[in-house]
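This one's a predicted model, so the numbers in the text were calculated from it and none came from an experiment. For the numbers below, each heavy atom of this structure counts, side chains included, while hydrogens, waters and symmetry mates do not. So that the names make sense, note that chain A is the first sequence line, chain B the second, and so on, each numbered from 1.
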Amino acid sequence: MPEKLRMRFSKTGRAIWLSHLDLMRTMQRAFLRAEYPLKYSEGFNPHAQISILLPLSVGVSSVCELMDFQLREDVDLTQLPERLTSVMPEGIVIHEAYPMENKSKFLKWLRVTARLEYDDRNLEEMAAGLNAFYAQDSIVITRKTKRGEGQTDIVPAIQTLNATAGERHVELEAMISAQEPTLNPDHLIAALRQLKPELAPDFAAFTRQEVYFENGEVFR
Amino acid sequence: MDARLERILPRVLKPARYVGGEYQQIIKDKADVDLRMAFCFPDVYEIGMSNIGMRILYDVINRMPGVWCERVFAPWGDMDAEMRKAGIPLYALESGDPVSEFDVLGFSVGYEMAYPAVLNMLDLAGIPLRSADRPDLTPLVFAGGTSCCNPEPMAPFFDLMVVGEGEEVDCELLELFRHAQKSGWSKTQFLEAAAQIQGIYVPAFYEPEYNDDGTIKTVHTTHNAPARVTKRIIEDLDACPFPTHPIVPSTEIVHDRVNVELFRGCIRGCRFCQAGYVYRPVRPRKTETLIKQGIEALKSTGYQEATLLSLSSSDYRPLSDLCDGMLEYCEPRSISLSLPSLRADNFSMDIMSRLQKVRKGGLTFAPEAGTQRLRDAINKNVTEEDLLNSCRVAFEGGWNGVKLYFMLGLPTETDEDVLGIAELANRVLHCWRQYAKFKNRGVRITVSTSCFVPKPHSPFQWEAQVTMAEYQRKVNLLRENIRARNVTYNWHDPDTSFVEAVLSRGDRRIADVIEHVWRHGGNLEAWGDYFSFERWMNAFKDCGVDPYFYACRERGAEEIMPWEVIDMGVTRRHLRHERDQAYKAVLSPDCRKQCTACGALKLMTKGGCCDA
C-alpha cells in the first residue's frame, strides 16, 4: 500500500483569490490532468483523500502551504512537483513532495510577513507605533465566533513581531501561533482597528512564509 | 495586479471571478499581437463561462495568428460599485488591461434581458454607448448571439451585428478590420465593406419608416447594404474546430463540466420555440469526432463530468453508440455523463437508466401544455401516453421526483387546457402510486408554469402575448385545481415575461427605453436581484413607448416585422403556414418523417444536406 504523502506549495498572485473549496477542487482536477491517481474514499459519494494542513484565507499569499494526499500507486516523487505545477492555474507552484512523517498536530508556529500600506501617514512613526502597540502585555480584541461575540487576548499567540518602515509601506514580520490557539493574521489588523485606529493601515496584504514545530525547527 | 484592484477584492463577493489566471486561459505576447479583441459577455462570470458559444469562439479567434481574444464579464453589483468608486475601468481577465485599449469589443448577447448590462459594460469601460457617438474606427463595438435575430432594439448601440454561427464570419470580420486599420480606413469605409460579408448587419445603413399606426412602412437601405442579411452557418461541423482544451475555471460556475455538442438545429419544429427554427438546418457531428473531442477535453481539464448537448439529444441518430463510446472511457474513471434535453419516450428512458446508475434524484419533463389538443397546436410531439410511460419507467427504476414544465398563454389556449395541466399532474401521481418501487420515500411532483413569450422567426411571431392579468387569472385557476398534497405548483411572475416580449419583438424605438432603464439603475435584468418592473414601466412612459403595442398586439399577416431584414433561412411563408396549422390544431411531421421545405436548406451553399 503506497504511503501517506505530503507536498509543499505556494499560492501567490492571482491564485490568492481562490477559496479553500476552490483550491480543493482545483487540486483534484490537477491530479487528474497530471494523471496521478489520487486515492478516493469508499462509499456512496467518493471524494479524494486530500487535506490541507492550515486552510488559508482568501486574499492571503503563502509560500509554505502543506497538503497531505494518498495515491493509488507508487510514483516518482521527484518528478511530481514539476509535472503537477505544469497543469496548475497561475499562481500555484508545487515545490516538493515527500512521504509524510510528521503529524499535522505538531505544527505550531507560523511566520508571516505583511505589507501595510498607509496612504498619507508617516511610515517611521507608524512602524514605531506598531512595535510599541504589539509589545503590550495584553491586547484583548472582540471577535465574532460561532456563539456570538468573544473576547480574546492575542498576545499569547504572538511570539515575536517586528515592524520596519520601508520606502512605500511598513513591512511587518511576525511569528504567530498557527494552532492551539490559532491566530488569524487578520486579527493583528483587527486589533489596530479596534484599539488604535490611528495605526490601522489603509490596506494590509499578508504572506505566510514558513511553518515550524514547537521548538522552532522548520516543519515538513 | 492593479494596486487599486487588490484593495477592493477583499470586500467583494467571490473575488476569484474577477482575476483570471485559470488553467488553459490563453496568454499571448503583446509583441506578437496586432489585434486585440475583448470578448464581452453581458452577465456574470459564472453564467458567461458556462456558455458554450463563448468557449467555441474564444478558441477559434485565438487560433488566428496576431489576434489575442480575452474575456470580459459583467461585474456583480458590489464589484461594479467598488470599481466605479476606485476609478477602475472595465478590464479583461487575461491581461488585466482596460477594455477601452482594445481594438474590438465583441458582445455575445444570447437573451434580451441582458441588453441593459451591455450598456453598463460599455459605460464602465468608458466607451460611448451609441455607435453614432464613436466616430473613429477603433474601438469597434459589435454583437453576436441569438438575440441578433432581431437586431433592432440594440441597433443604435452596435456598429454591426453578426447573424448566425460565428466560427467563420468572426474571423473574416477581424481580418477585414485588421486590413482597415492598416490601410487607415474611416469607420464608414470599414462598415461599408463589412456589410458585404454574408451574416453582417450594419444597423446604421438601414432606416425604417413608420406608418401612422406605428407599424413599419418600409426600410430604406443606404451605403449599398444588402436588402436582407442572411444568417451564417457552419456546414461541416466535423471540419470545424471545437475547444478540447477549454479554460478550467478555478471557482465554481453554473455548468462546470466538459461539453460535447452533438448537433445543431432541431427536427421537431415546436411552434413556440425560436431555437427550433433559427438553428436550422440540422447538422450532426460524427460519433468518432465527438468521442475523440470529449475524451481529449476530459483529459485536458480533469473534469469528472461531461454533458452531451443539443436541442433534442434523443434525435441524435447514433446516440446509443455515442453513449457506449463515452461510457467506455468514463465508467472506469468514475466520470459521470449527463444527457439533458431528452424526449419523454422509451428509448430515452433506456439511455437515462444506463447513464444514471447511482444518483436518482429528479427527472424533468416539459410537456409544455396540458391537453393533447394544445400540444398538437404547438406541435409538441409528445403524447400523454409517452409521458406516463416515461414516468412509469422512472418510478419503477427508483426515481421519486418529477418536474413538469408548462407554458400558460399559448395561442389558442382555453381554460380546459389550463385545467388539463392539473389533470396531467394527477395522472402522474396516480402512475407513481401504481408503479413506484420505493413508495415509502414519497414522491415530489412539481408543476411549473411561465408566461409564453412570442419570439421572432418562430411560427408564433405574429401572436399577441396574453396580458399579465390574464396570465394571473390562469395561474389562479390552476392553483385552485391542483389539490394533491404531493403536487407542488410554482409559477413565474408575468412581469419579466412581459418586458421580454417587448424586447424580443421590439424595433429601434425600444433602444431609448433600454438606455433609460440603464440610466435609472437597471443592469443585470435577468436577475431577480436587479429586475424592477416599475423601472421598465417608467421608462416606457418617459420615452413615449406603448409596451402593449409590442407585447400584446396580434400582428397582421402582411405586417413588416422589425426583424424582416434578417433572413434566418426558414421562410416567412413556412412560419405562417405553421401558424395556421396551429389554429387548426394540426400536427406537422418532424423533419425526419417528412421534409416540409422550410427553406433552411438554402443556407447549405457548399453542397451539404440537412441531416434531419
Check: A:Leu32 and B:Arg333 side chains under 4.5 Å, non-hydrogen atoms: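 Counting from C-beta outward, B:Arg333 and A:Leu32 never come under 4.5 Å.
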
Heavy-atom contact with chain A under 4.5 Å, split by part of B:Ser300: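 Only the backbone of B:Ser300 comes within 4.5 Å of chain A.
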
Contacting region of B:Ile335 [heavy-atom separation from chain A under 4.5 Å]: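 Contact with chain A involves no heavy atom of B:Ile335 at all.
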
Part of A:Ala30 lying under 4.5 Å from any heavy atom of chain B: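 The answer is neither part of A:Ala30.
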
Which portion of A:Phe31 sits near chain B, non-hydrogen atoms under 4.5 angstrom: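 For A:Phe31, there is no contact with chain B at all, as no heavy atom is under 4.5 Å.
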
A:Glu90 CD to B:Tyr23 OH distance, which is reported to the nearest 0.5 Å: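 One gets 13.5 Å once the value is rounded to the nearest 0.5 Å.
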
Rounded distance (nearest 0.5 Å) linking atom CZ of A:Arg29 with atom CD of B:Gln304: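 Rounded to the nearest 0.5 Å, the CZ-CD separation comes to 9.0 Å.
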
Kindly check if the number of other-residue, nucleotide or ligand heavy atoms within 6.0 Å of [atom1] ([X]) is above 12?
X	atom1	value
B:Glu328	CD	no
B:Lys28	NZ	yes
A:Glu210	CD	yes
B:Lys439	NZ	yes

NZ/NE/NH1/NH2 to OD/OE distance under 4.0 Å, B:Lys14 and A:Asp22: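 A salt bridge is absent here (no side-chain N lies under 4.0 Å from a carboxylate O).
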
Carboxylate-amine/guanidinium contact A:Arg14 B:Glu22, below 4.0 Å: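 Answer for the salt bridge query: no.
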
Among the listed options A:Met88, A:Gln28, A:Glu35, the residue most often paired with chain B at heavy-atom distances under 4.5 Å: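 When all of A:Met88, A:Gln28, A:Glu35 are compared, A:Met88 has the most.
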
Among A:Val87, A:Leu21, A:Ile16, residue most engaged with chain B (heavy-atom pairs, under 4.5 Å):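 Looking at each of A:Val87, A:Leu21, A:Ile16 in turn, A:Val87 comes out on top.
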
Looking only at heavy atoms, which two atoms of [X] and [Y] are closest? And how far apart?
X	Y	answer
B:Val19	A:Trp17	CG1-CD1, 3.4 Å
A:Val58	B:Pro15	CG1-CG, 3.9 Å
B:Ser250	A:Leu18	CB-CD2, 3.3 Å

Among B:Gln25, B:Lys299, B:Gln24, B:Arg17, residue most engaged with chain A (heavy-atom pairs, under 4.5 Å):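 Between B:Gln25, B:Lys299, B:Gln24, B:Arg17, the count favours B:Gln25.
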
Partner chain A: residue of B:Thr301, B:Ile27, B:Ile247 with the largest heavy-atom pair count (under 4.5 Å):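 Heavy-atom pair counts peak at B:Thr301.
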
